[in-house]
There are 2 protein chains.
Amino acid sequence: MTLSARANPDLLATLEDRGYRVTRPRREVVNLLGQKQEGFSAEEVCAELPGVGRATVYRSIKLLLEAGVVCKLMLPNGGQKYSLARGEHHHHTVCVMCGTVGEFRDSSVERVLRTIGADIPGKIVGHRMEFYITCQDCLDTS
Amino acid sequence: MTLSARANPDLLATLEDRGYRVTRPRREVVNLLGQKQEGFSAEEVCAELPGVGRATVYRSIKLLLEAGVVCKLMLPNGGQKYSLARGEHHHHTVCVMCGTVGEFRDSSVERVLRTIGADIPGKIVGHRMEFYITCQDCLDTS
DNA sequence: CAGAAACTGATACAGTGTATCATGACACTC
DNA sequence: GAGTGTCATGATACACTGTATCAGTTTCTG
Ligand SMILES: [Zn+2]
Ligand SMILES: [Zn+2]
Ligand SMILES: [Zn+2]
Ligand SMILES: [Zn+2]
């Protein structure tokens with residue numbers, strides 16, 4: 001298994017490559033996300049970018065999601081967070097105490113998932129997997 | 001892997017055992033859910049039970065969730081559905097076309113997940129996993 | 001049957017995301 | 001560098017799912 005740490009992709013270039021215009025609001029969103037090492041919520045981004053409309057923040061995140069450079073995480077309570085996708089297919093851990101997001105890759109999971117997928121009737125179009133944890137910091141603090 | 005098919009638990013008895021009162025609204029909710037073989041949304045239940053208040057429907061589903069006899073599913077778009085939990089730990093498939101929910105168990109996944117969990121710093125408190133599919137019916141129809 | 005405790009449901013609220021649409025900014029050509 | 005078509009913005013309103021409140025009702029226990 002790989003606990004990740006790798007360089008951020010150039011989010012702005014990703015948008016440009018996909019034919020979207022480079023605008024001030026998009027630059028601001030993308031710059032902010034580029035700093036964020038942990039997961040973030042859309043509202044959090046809105047709050048930190050008062051110069052960018054809420055709708056635009058949501059739209060930008062959606063574009064980045066579709067481009068595959070941002071991923072969406074589901075929390076146990078139904079909430080959602082986002083996280084930069086640095087590189088290849090991976091999955092996430094979320095601390096249920098503090099919300100910190102981690103990332104990991106594991107080829108054996110993917111292999112098992114492929115095996116299961118072969119037994120499921122119909123066509124697999126994707127999968128989701130998250131670990132809910134109490135992170136070391138939260139364990140230490142309590 | 002096991003593609004499931006098994007008897008429904010007695011939902012009402014589950015609530016009773018947990019010290020909750022047996023009331024008409026709860027009976028109605030529980031009876032309806034007992035029929036539902038596929039996933040369902042909370043609003044769908046509300047619509048089918050005009051004699052039960054919306055809040056009560058949500059509250060009842062929450063109690064059944066906590067009791068572990070109902071599970072929550074996350075859809076790719078962030079939506080949520082629920083499904084009866086017939087028996088032991090399992091995971092779900094959701095058709096992205098028609099929304100039909102399936103269920104499967106697989107011990108090798110769980111084994112791999114335990115292995116990964118051992119490498120993740122912190123304490124694992126749960127996990128989530130869903131397959132998104134296009135089901136056979138939807139494939140046939142298109 | 002009486003009383004305490006739990007439950008209900010109408011309503012209002014909260015959180016997250018989307019639709020609308022008039023206005024403004026971008027990129028490209030000349 | 002100005003002109004122009006198209007795309008993007010953001011204020012607002014809306015949609016959806018779930019929760020908080022609270023007066024009034026039902027259930028259970030004794
Ligand atoms: Zn995977
Ligand atoms: Zn933590
Ligand atoms: Zn289907
Ligand atoms: Zn599992």
Side-chain angles (χ1 to χ4, degrees), chain A residues 11-33 36 39-67 70-83 94 99 101, chain B residues 11-33 36 39-67 70-83 94 99 101:
Chain A
L11 301 176
L12 204 55
T14 304
L15 290 183
E16 222 170 346
D17 290 351
R18 303 197 111 215
Y20 298 112
R21 288 187 180 167
V22 173
T23 65
R24 177 199 51 86
R26 283 180 182 162
R27 256 192 306 266
E28 288 197 31
V29 171
V30 147
N31 281 344
L32 180 60
L33 299 198
K36 297 235 172 243
F40 50 87
S41 69
E43 290 299 328
E44 178 186 333
V45 175
C46 293
E48 292 178 35
L49 293 178
V52 180
R54 213 171 72 97
T56 299
V57 169
Y58 276 93
R59 280 189 286 238
S60 301
I61 292 177
K62 194 175 192 185
L63 292 181
L64 294 167
L65 264 178
E66 286 161 3
V70 159
C71 19
K72 180 169 13 192
L73 285 91
M74 309 303 269
L75 308 188
N77 61 27
Q80 320 190 19
K81 292 189 89 175
Y82 302 90
S83 163
V94 192
V101 172
Chain B
L11 301 177
L12 204 55
T14 303
L15 291 183
E16 224 171 344
D17 290 350
R18 303 197 112 216
Y20 297 113
R21 290 187 178 168
V22 173
T23 64
R24 175 196 56 84
R26 283 181 182 160
R27 256 193 307 265
E28 288 196 33
V29 170
V30 147
N31 281 344
L32 180 60
L33 298 198
K36 297 234 173 246
F40 51 88
S41 69
E43 289 299 329
E44 177 185 332
V45 175
C46 293
E48 292 179 34
L49 291 177
V52 180
R54 213 171 73 97
T56 299
V57 168
Y58 276 93
R59 281 189 285 237
S60 302
I61 292 176
K62 195 176 191 185
L63 292 182
L64 294 167
L65 264 177
E66 286 162 3
V70 159
C71 18
K72 182 176 359 201
L73 284 92
M74 310 303 268
L75 307 188
N77 60 27
Q80 322 189 18
K81 292 188 87 174
Y82 302 90
S83 162
V94 192
V101 172

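As the structure is a computational prediction, the values presented were derived from the model and not from experiment. Every heavy atom of this structure was used, including side-chain atoms; hydrogens, water molecules and symmetry mates were not. Order of the sequence lines fixes the chain letters, A, B, ..., with proteins taken first and strands second; residue numbering starts at 1 for each chain.
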Examine C:dT18: is either OP1 or OP2 under 4.0 Å from a nitrogen or oxygen in the side chain of A:K62? Give yes or no.
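Yes, within the criterion.
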So, is B:R26 near the phosphate of C:dT8, with a side-chain N or O under 4.0 Å from OP1 or OP2?
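Yes, because at least one side-chain N or O of B:R26 sits under 4.0 Å from OP1 or OP2 of C:dT8.
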Salt bridge (Lys or Arg N to Asp or Glu O under 4.0 Å) partners of residues 71-82 of chain A, not counting sequence neighbours, each pair once:
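Of all non-adjacent pairs touching residues 71-82 of chain A, none passes salt bridge (Lys or Arg N to Asp or Glu O under 4.0 Å).
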Indicate, with a heavy-atom threshold strictly under 4.0 Å, whether A:G51 touches base, sugar-phosphate, or nothing.
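Result for A:G51 = sugar-phosphate.
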Heavy atoms only: give me the nearest B:V94-B:G99 pair and the separation to one decimal.
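In this case the closest contact between B:V94 and B:G99 is CG1-O, 4.0 Å.
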Heavy-atom pair with the smallest gap, counting every atom of A:F40 and A:E44:
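Result for this residue pair: CA-OE1, 3.6 Å.
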Within the sub-3.5 Å range, which N or O atoms of nucleotides 26-30 of chain C have a protein N or O partner, and how far apart are they?
from   : atom 1 : to    : atom 2 : distance (Å)
C:dC26 : O3'    : A:V22 : O      : 3.3
C:dC26 : O2     : A:R21 : NH1    : 3.1
C:dA27 : OP1    : A:V22 : N      : 3.3

Show me the donor-acceptor pairs, under 3.5 Å and distance only, between side chains in residues 56-66 of chain B and residues at least two apart or in other chains.
from  : atom 1 : to    : atom 2 : distance (Å)
B:Y58 : OH     : B:E43 : OE2    : 2.6
B:S60 : OG     : B:T56 : O      : 2.8

Toward the 5' end of DNA chain D, by each residue's nearest nucleotide, A:A55 or A:L63
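Between the two, 5'-proximity favours A:L63.
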Which is more 5' along DNA chain D, the nucleotide nearest B:Y82 or the one nearest A:R54? Just name the residue.
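In this pair, the answer is A:R54.
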When the distance from [atom1] of [X] to [atom2] of [N] is rounded to whole Å, what number comes out?
X: A:R59; N: C:dG17; atom1: CZ; atom2: C1'; result: 12 Å
X: B:Q80; N: C:dT16; atom1: CD; atom2: C1'; result: 11 Å
X: B:L49; N: C:dG9; atom1: CG; atom2: C1'; result: 14 Å

To the nearest 0.5 Å, what is the distance between CG (B:L33) and CG (B:L12)?
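If we round to the nearest 0.5 Å, B:L33:CG and B:L12:CG are 11.5 Å apart.
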OH-SG distance between B:Y82 and B:C71, expressed to the nearest 0.5 angstrom
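With rounding to 0.5 Å, OH (B:Y82) is 11.0 Å from SG (B:C71).
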According to salt bridge (charged side-chain N to carboxylate O under 4.0 Å, His left out), who are the partners of A:E48, at least two apart in sequence or on a separate chain?
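Applying salt bridge (charged side-chain N to carboxylate O under 4.0 Å, His left out) to A:E48 gives A:K36.
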Under the salt bridge (charged side-chain N to carboxylate O under 4.0 Å, His left out) test, which residues partner B:R24, sequence neighbours left out?
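Once residues adjacent in sequence are excluded, the partners of B:R24 under the salt bridge (charged side-chain N to carboxylate O under 4.0 Å, His left out) criterion are B:E28.
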Roughly how bent is the helix from C:dC1-D:dG30 to C:dC30-D:dG1 end to end, in steps of 10 degrees, with each end axis from five pairs?
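Both end axes considered, the difference amounts to 30°.
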If you walk 5' to 3' along DNA chain D, what is the first nucleotide with an atom under 4.0 Å of a heavy atom in chain B, and what is the last?
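Footprint of chain B along DNA chain D, 5' to 3': D:dT17 to D:dC28.
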When you measure from the side chain of A:R54 to the backbone of A:C46, do you find a donor-acceptor pair of N or O atoms at a distance under 3.5 Å?
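Flag not set: sc A:R54 to bb A:C46 has no pair under 3.5 Å.
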Could you list the residues that satisfy side chain to side chain contact (heavy atoms under 4.5 Å, CB included) with B:A67, not counting sequence neighbours?
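If we apply the side chain to side chain contact (heavy atoms under 4.5 Å, CB included) test to B:A67, skipping adjacent residues, the hits are B:T14, B:R18, B:V69.
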Considering only heavy atoms, which members of residues 71-79 of chain A lie under 4.0 Å from some atom of DNA chain D?
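None - not one residue of the stretch has a heavy atom sitting under 4.0 Å from the strand.
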Min side-chain heavy-atom separation A:M74-B:Q80 under 4.5 Å
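A:M74 vs B:Q80: side chains apart.
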